[in-house]
Trainee: 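Just dropping this structure here.
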Amino acid sequence: MRPAETVTVPATVDELQQVLAGQQYIADRGLAVSIYLALRLKRPLFLEGEAGVGKTEVAKVLAAALQTELIRLQCYEGLDVSHAVYEWNYPRQLLEIRLLEAAHAIDRSNAARELFTEAFLIKRPLLRALEKTSERPPVLLIDEIDRADEEFEGYLLELLSDFQVTIPELGTIRAAEPPIVIMTSNRTREVHDALKRRCVYCWIDYPDFDKERRIVSLKVPGASARLAEQVTAFVQELRTADLYKAAGVSETLDWTAALVALDRDVLDADTIEETLGVLLKNQEDIDAVRGERLRTMLSRALTRGTSAT
Amino acid sequence: VSESALLHNVLLFGRVLRRAGLDVHHGRMIDAIKALDWIGVRARADVRATLRALLVHRHDDLARFDEVFDLFWSAHREPAPGLPLFSLGERARIVATRTPPAAMSVEFEDVSPHQAAVTRGVGAYSAAEVSRTKDFADFTPAELEQARLLLARLPWQLGRRRTRRWTRAAYGGIDLRPVLRRNLTRGGELVDLPQRRRRDRPRPLVLLGDVSGSMERYSRMLLHFVYGVTEGSSRVETFLFSTRLTRVTRNVRTHPVSHLARGVHDWGGGTRIGEALRTFNTQWARRVMRNGPVVIVISDGWDRGDPELLARELARVRRSCRRLIWLNPLLGSATYEPLTRGMQAALQHVDDFLPAHNLASLEQLAEHLRDLRPRHVVRRTT
């Protein structure tokens, strides 16, 4: 392992881009600048975009690149302090009381102190992110914040402003060095401005043809250059169609992997029909694309694929 | 570029952005200046990315930011003194709102908010002053104003939905978290068992209002209805459509009713309900159809689009909401039959098909909304 000093924050945007590329992540300039600024300003990074454009991946890759731990908090409606920050381990506490009783060692004045110690504390992601466990601050991924409710956003706002948590029985736990916070949102609702204002904001779009082709070749090494090109061209074509849910990059990758598993090296209409379910997850969308329309899109995609080379 | 000139320009740029309607926080300006120092100002794309990441925090603002950025940083590398820079922001705002409607076919009595408050404060209004069964289309301006006040006062409640969040309660289920702490003084014997249950919240509402030419006689009341409903609840999303769909949720909260027509595409134009709903389903549904909303479509059903498309999209709306209500002002007339192709297509997919032509019908609607039960169909209650 390299010494700690060499994995500090990359000094320039170029360097950061290289580090990310080393983790097989292709970040365009805008995203790289945003990540760089978040690291330098020590502010949370707020990534917004359609599902499947690689938002979560940013956190994973960054943690790997900076050689630090990734702590992930998946948000959902009703997420509260006991699942996000900490919880007391009640069964163990109750058991402990019985044990003390059996040993006739129970002392009321001391019971509280003995039962509410770190040994009985279940640490959830936010608390773990504040604790100093290693040399470097961890990457804290708060995933799909738009799924949590407003109450949780309010709590987060407080936490992110001073990076400390108060547990009444134990006291205040403060991060020696704040974690690198990455928040993602699929924008199923608007996250409150007050929270976003504190962050470095970045909207991630679907990648263009070139970038997506590079991602496909990188992530599905089994696919031939020709297949990668055709697949990308077809998916790009598909995204221009008016569908309920467009295919994300992760769908492109799954689809390519599926085609490779089926030993296909070229796209043809029948193969696409058979595997369309990997790409589109909505029955109406699949019905809308199937048949003649699919053939037209494919022929357009194939001409594009060849003209691009 | 000297350092102070850069500083000056960045600050000026922030002010222009603010003028253009972006929410630029002062703290972020300081960040931006710091950041430009690290990033450098040689590469234009990097400067753009930097300012974009720090000064914008809403996706809706990105296009406007880019417009202002281009105007500001390319046309005037060194902003000349005396240049009307603030008009740049104005210009961007106009460009961003696209084509304003050619002519607003609805005129409003311009009631200032102050005046309105006074009128409301007097409270000497009784429903009898306005004929409750008179058709909105025949209202005089004075009656309209009275009706507006009445609408604002109707108790719009959509019932509540259960959330996933817990709250302390007198009954429900045992709340483990405080159990042990409360009972420690009893030597760990669990005597006192605090309870918790799921918290309730008001159900969200989505309004889809038809402002095409055929609805002209009713669109004033429609807007007053929208304002009346929005005032009572924080969870109302509003869209208006004729041939295209426009989201006006924010405008309703910040602008008086007389300004709403601005920025609505093709006000008083033709009707393509199916296409408007398609836009709604593909662009907005994911964002505004959370948490089981009640959806109200207000339209006379005179549709010039494809009835099959309308049926398909409406069916989709219905599948993702708690209840789909169609208000039709024409339903008030005794002789009306929903025979237009659009209305025919729509009818099989709506839960409730109700009139909305006079105050009595809207009062009934308020009542109906208050005790909505899961999906049982009500059609034509008059």
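Residue numbers start from 1 in every chain, and the chains themselves are labelled A, B, ... in the order their sequence lines are given, proteins ahead of strands.
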Trainee: Any salt bridge between Glu284(A) and Arg316(B), counting N to O under 4.0 Å?
Mentor: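 Salt bridge flag = yes for Arg316(B) with Glu284(A).
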Trainee: So does Arg165(B) pair up with Asp80(A), basic N to acidic O under 4.0 Å?
Mentor: no
Trainee: Can you tell which of Glu48(A), Glu190(A), Arg187(A) makes a side-chain hydrogen bond (donor to acceptor under 3.5 Å, both in side chains) with His59(B)?
Mentor: Arg187(A)
Trainee: Could you go through the side chain to side chain contact (heavy atoms under 4.5 Å, CB included) check for Arg43(A) and Asp31(B) one step at a time?
Mentor: CA-CA 10 Å; Arg43(A) 280 186 186 278; Asp31(B) 284 347; 2.6 Å; yes
Trainee: Could you report the tightest heavy-atom contact between Asn291(B) and Glu77(A), atom names first, then the distance?
Mentor: OD1-OE1, 3.9 Å
Trainee: Do any of residues 239-248 of chain A come closer than 4.5 Å to chain B, heavy atom to heavy atom, and if so which ones, in number order?
Mentor: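 Under the 4.5 Å heavy-atom cut-off, Asp242(A), Leu243(A), Tyr244(A) qualify.
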Trainee: Heavy-atom pairs under 4.5 Å with chain A - which of Ala49(B), Ala45(B), Ala285(B), Ala53(B) has more of them than the others?
Mentor: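 Winner by heavy-atom pair count: Ala53(B).
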Trainee: List the atom of Thr188(A), the atom of Arg290(B), and the distance in Å for their closest heavy-atom pair.
Mentor: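 Residues Thr188(A) and Arg290(B), closest heavy atoms: O-CD, 3.2 Å.
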Trainee: Answer whether the closest heavy-atom distance between the side chains of Ile39(B) and Tyr36(A) falls below 4.5 Å.
Mentor: yes
Trainee: Please determine if Arg201(B) and Asp149(A) form a salt bridge, counting it only when a charged side-chain N lies under 4.0 Å from a carboxylate O.
Mentor: no
Trainee: Is the closest basic N to carboxylate O distance between Arg235(B) and Glu150(A) below 4.0 Å?
Mentor: yes
Trainee: Any side-chain heavy-atom pair from Trp38(B) and Leu41(A) closer than 4.5 angstrom?
Mentor: yes
Trainee: For the CG atom of Leu37(A) and the CZ atom of Arg52(B), what is their distance to the nearest 0.5 Å?
Mentor: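 Reported to 0.5 Å precision, the distance equals 13.5 Å.
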Trainee: Quick one: pull up CZ in Arg286(B) and CG in Asn186(A) and give me the separation to the nearest 0.5 Å.
Mentor: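 Answer rounded to 0.5 Å: 6.5 Å.
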Trainee: Would you call Arg189(A) and Glu237(B) a salt bridge, using N to O less than 4.0 angstrom?
Mentor: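 Not counted as a salt bridge, because no side-chain N and carboxylate O are separated by less than 4.0 Å.
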Trainee: What distance do Leu55(B) atom CG and Arg197(A) atom CZ have between them, rounded to the nearest 0.5 Å?
Mentor: 12.5 Å
Trainee: Does Cys199(A) offer a backbone N or O that forms a donor-acceptor pair with the side chain of Arg28(B) under 3.5 Å?
Mentor: yes
